[in-house]
Every structure is written in C-alpha cells, then in structure tokens.
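See structure below.
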There are 2 protein chains.
Amino acid sequence: MKRNTWQRQAVRDALDGAAGFVSAQDLHASLRESGSPIGLATVYRALADLAGEGDADSLQSIEGESLYRACASGGHHHHLICRSCGTTVEIEADDVEQWAAATAARHGFTAPQHVIDVFGLCPACSRKAS
Amino acid sequence: MKRNTWQRQAVRDALDGAAGFVSAQDLHASLRESGSPIGLATVYRALADLAGEGDADSLQSIEGESLYRACASGGHHHHLICRSCGTTVEIEADDVEQWAAATAARHGFTAPQHVIDVFGLCPACSRKAS
DNA sequence: ATCGGTTTTGACAATCATTATCAATAACGG
DNA sequence: CCGTTATTGATAATGATTGTCAAAACCGAT
Ligand SMILES: [Zn+2]
Ligand SMILES: [Zn+2]
Ligand SMILES: [Zn+2]
Ligand SMILES: [Zn+2]
C-alpha cells in the first residue's frame, strides 16, 4: 500500500508553491534551501508518482529536461512556459485540439495523441534579457 | 567557411536511408556496421548542423533522447508519427503556427518556440491492432 | 502505546546521452 | 603543392536520471 510521508507532502507543497514548471533538481535545491533534508532520489520518486497519479503534469523541456508542475484541474490542457524562469500560463486550445484530431484522421491514423507546448520568455525575463 | 567532408555526407546518406526518426547513437552504430570509421562526436555535430540548416527534423523522444529524420521540404513543419512502427507524415499547419505565435504574444512572451507533435497508429498498424 | 512486516528513504554508485578538449588531420583557395 | 584553418575523433568531462541496499519510517494489528 502507498504510505504518507512528510517527504512526499513536502514535494507536493513545493510543487504547489512553484510558479510554474520546475525540474526535479531545482525542486530539490529549493527544498534544501528552505531547510528540508529531503534526498534527491526521493524528489525524483515523488514527482514520478505524482505524475503517474495525475496530480502533476510533466513535459520535456526543449533541452530535454523533465519538468513538473502541480495540476489541480486534471483535465486536458496545454501550457505557455517561460524558458528562463519556468513561469507558466495555462492555454485553452479547443481549435488546436480539433486540428490535431482532424489531422490524424485525415491520414488514417487512429488513437491520436499530441504534444503541444509553447515556450518563450515571459515579460519579466524579456525585460532582463534586453 | 563550411567544408565538405565525406563524414557529413555519410551522415546525410544514413539519415536518408533510415526509415523514420533515429537517434545519434543508432545512426552512429549503423554507420559503423556498414564499415564507416566515423566518430560518434562527428555524428552528433553533423546532425546538429543538419537540423540547424533545416535539412533534418529533430524531436525529443518520450525518454528524452534527441531523434532526427531527413527532411525533404526544408520549411518549418510538424509530424504525425506512428507510435508503433515510426512511420512519419510531414504536416504543415499555418493556422497552428499563427495560433502559437499569437498565444505567446497575447501573454507578452517573446522569442516564442513550440513543440507540436501528433502521435497515433498508422492505417497499417491500426489494422493489425484490431 | 508497542510490535513487526513492509514500504520508503537517502547517500552513493552506476548509467547513459551529450558536450568539451585538443592534438592530429584534411579541405580548399591561391 | 602549400599554408591556413575548419574538422575530426579518441577520450574526458558533464549532468540528469536511475539503481542499490542498509537503515529508518509508516501503519495496521495487538
Ligand atoms: Zn520568466
Ligand atoms: Zn491538447
Ligand atoms: Zn505504424
Ligand atoms: Zn510550427
């Protein structure tokens, strides 16, 4: 059976507190900075569990890192993510959903899935960069 | 200036000969099997160059590996990929390009990029599965 | 509250893809 | 052909992620 540990709760809380998508490494670092002695491997395991249970959303950054974000809604949605600080905006994309489904169907593909993520520099990071 | 080497041509040819998306490691392995003494780092560099010049498409596999594929059209486009056999169809969708750019701009994000891949089962694999 | 079987943790090693080094090589304009 | 200079490739370094396994923590039962 699955047990409740303060470590897992700490990861949940840290995810909730994060502005947007974060890497396991970053989450571990910020947890340690706030005084938690949690181990790195535990953070990886907790995030994998959360993603598997649908309590967290995960995606691959452009650089290939796995990023995670608290996901309360549980519904299907997409994200606009700041490449620099991770700030995330949830995106409504019904028209794109339909486009994806129609594109698959047009070519005879079944059981369609899609990966749609938009990256950029948020206003704050854009200002810093210029 | 950019020089023409047999190594770069070998990578081009190997990509053209590959069925679908392949990793740098796989491409290097198959080149060595066909007798080429090409180095691994060179394969990585050639693939990065090809992708940068638009002669190859790249995407991140679910496991985080970078995969490459010969690209005939040259312009910006996306892919419809069979998750069973790897068969790939190139797709263009100006509507979606504009949606991605507009979505980023609407939220003040600059330097927008996007990851848009559609996966499914191709007609042949759909038939086998049913 | 205590006990005991079972799960979880965490320091560390191991993996694995990718990148950096840098001396040796090869391409190409002259 | 020569000299300059980009390119190569063996290898080391990097960096994220996963495996190991003894010790600690959890939780239901006593
Ligand atoms: Zn930002
Ligand atoms: Zn969608
Ligand atoms: Zn198929
Ligand atoms: Zn596009």
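Chain naming here is simple, since letters A, B, ... match the order of the sequence lines and numbering starts at 1 in each.
Using a 4.5 Å heavy-atom cutoff, the side chains of B:L31 and B:V11 are in contact. Between B:D57 and B:E90 the shortest side-chain heavy-atom distance falls below 4.5 Å.
Rounding to whole angstrom units, CZ of residue B:R8 and C1' of C:dA27 are separated by 11 Å. Atom CE in A:M1 sits about 10 Å away from atom P in C:dT6, given to the nearest Å. In this structure, NE2 of B:H28 is placed 13 Å from P of D:dT8, rounded to the nearest angstrom. Taking atom CH2 of residue B:W6 and atom P of nucleotide C:dT25, one finds them 15 Å apart after rounding to whole Å. Look at CG on B:D49: it is 8 Å from P on D:dT7, rounded to the nearest Å. Atom pair A:L40:CG and C:dT9:P shows a separation of 13 Å (rounding to whole Å applied). Distance, A:K2 NZ to D:dG28 P: 14 Å, rounded to whole Å. The distance from atom CD of B:Q60 to atom C1' of C:dC16 is 15 Å, rounded to the nearest whole Å.
Along DNA chain D, the nucleotide closest to A:S66 and the one closest to B:R32 are compared, and the more 5′ of them pairs with B:R32. Of the two residues contacting DNA chain C, namely B:Y44 and B:T5, the nearest-nucleotide position lying further toward the 5' end is that of B:Y44. Residues B:A24 and A:V43 each lie close to DNA chain C; by heavy-atom proximity, the contact nearer the 5' end of the strand is made by A:V43.
Contact between the side-chain N/O atoms of A:Q7 and the OP1/OP2 oxygens of D:dC26 is not found at any separation under 4.0 Å. Residue A:R45 places none of its side-chain N or O atoms closer than 4.0 Å to OP1 or OP2 of D:dG19.
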Let me see the working for B:Q7 and B:R45 under side-chain contact (heavy atoms from CB on, under 4.5 Å), right down to the final yes or no.
CA-CA 10 Å; B:Q7 287 97 332; B:R45 283 185 290 240; over 6 Å; no
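A donor-acceptor contact shorter than 3.5 Å links the side chain of A:H28 to the backbone of A:I38.
Between the side chain of B:R3 and the base of D:dT7 there is no donor-acceptor pair of N/O atoms closer than 3.5 Å.
Heavy-atom neighbours of A:E53 CD from other residues, nucleotides or ligands within 6.0 Å: above the threshold of 12.
With the end axes of the helix from C:dA1-D:dT30 to C:dG30-D:dC1 each set by five pairs, the angle from one to the other reads 30° at 10° resolution.
A:D94 and A:Q98 are not linked by any side-chain donor-acceptor pair at a separation below 3.5 angstrom, with hydrogens and angles left out of the test.
There is a path of hydrophobic side-chain contacts, each under 4.5 Å, that joins A:F109 to A:W99.
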